[in-house]
Amino acid sequence: MKKSTLNSMVSVIDAAFKEEDHPRGDDGKFTSGGGGSSIKKSAGANKSSKGNFDLGAKQKSEALELLKHQSESFSGPVAKISSFLHGKISKGSSAGEALNAAKAKWGGKGEKEDSMLVSFYTACKGPQWNDNFSKEYSGKDYRARKTSLENEAEEWLKS
């Protein structure tokens, strides 16, 4: 998969993330908005192992909103996969279950399909929707942790 295609797909997801809506503390972690305390983990949020995880209630709501927007605003694989994931998660599947079902249906079908799957995987397990991102991905800084997550997503897609 070309890095430029992956970056363009990640930018679709990143575009929905507004940094000003998600304040960070001095340590770089998301805060509750008061500038000092870390966000409390939502009940049931992000049980972590490759392809087996879920989102907390707030993160699930944000993911569903993004997926709905993508399915209505885009065409081709982005729209199809977004609609599929939205339907699965809306009907009670965990994010991991929905992604694994999408991977079974579209994985390996093309670069755009693979990029979309990897992008949503990294969004779910990255700092936007995973309160434990810093603990789960080793590295001295955000870039190292993000690279670790991207590598994991690529391996998940191949598995």
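If you read the sequence from its start, that first residue is 1, and numbering goes on from there.
A side-chain donor-acceptor contact under 3.5 Å links W156 and N100.
When all heavy atoms of K125 and F133 are compared, the pair lying nearest together is O-CD1, 3.5 Å. When all heavy atoms of L149 and Y121 are compared, the closest pair comes out as CD1-CE2, 4.2 Å. V118 approaches A153 most closely through the heavy-atom pair CG1-CB, 3.8 Å. The two residues A63 and L55 make their nearest non-hydrogen contact at CB-CD1, 3.7 Å.
No more than 12 heavy atoms of other residues, nucleotides or ligands lie within 6.0 Å of CD in E65, so this atom counts as exposed by the packing criterion.
Once rounded to the nearest 0.5 Å, the distance linking NZ of K60 with SG of C124 reads 12.0 Å. To the nearest 0.5 Å, the span separating CG on L157 from CD on E152 amounts to 12.5 Å. Note: L66 CG to S61 OG = 11.5 Å, rounded to the nearest 0.5 Å. Atom CD of residue Q59 and atom CG of residue N130 lie 8.0 Å apart, to the nearest 0.5 angstrom. One finds the CG atom of L64 at 14.5 Å from the NE2 atom of H69 (value rounded to the nearest 0.5 Å).
Shown here are the salt bridge (charged side-chain N to carboxylate O under 4.0 Å, His left out) partners of K91, two or more places apart in sequence or in another chain: there are none. Under the side-chain hydrogen bond (donor to acceptor under 3.5 Å, both in side chains) criterion, K103 pairs with S159, sequence neighbours left out. Checked against side-chain hydrogen bond (donor to acceptor under 3.5 Å, both in side chains), T147 has no partners two or more places apart in sequence or in another chain.
With S148 contributing its side chain and A144 its backbone, the two residues share no donor-acceptor pair below 3.5 Å. Without hydrogens or angle criteria, E97 side chain to S94 main chain gives a donor-acceptor distance under 3.5 Å.
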Point to revise | Test side-chain contact (heavy atoms from CB on, under 4.5 Å) applied to E150 and K146, step by step | key: CA-CA 6 Å; E150 289 168 346; K146 187 173 182 209; 3.4 Å; yes

Check your understanding: Could you go step by step and tell me if K58 and E62 meet the salt bridge (charged side-chain N to carboxylate O under 4.0 Å, His left out) rule?
Key -> CA-CA 6 Å; K58 181 176 184 238; E62 290 173 358; 3.5 Å; yes

Acceptor/donor pairs from residues 74-87 side chains to any protein atom, 3.5 angstrom cut, sequence neighbours excluded:
unit_1, atom_1, unit_2, atom_2, d
S82, OG, Q70, NE2, 2.9
S82, OG, V78, O, 2.7
H86, ND1, S90, OG, 3.4

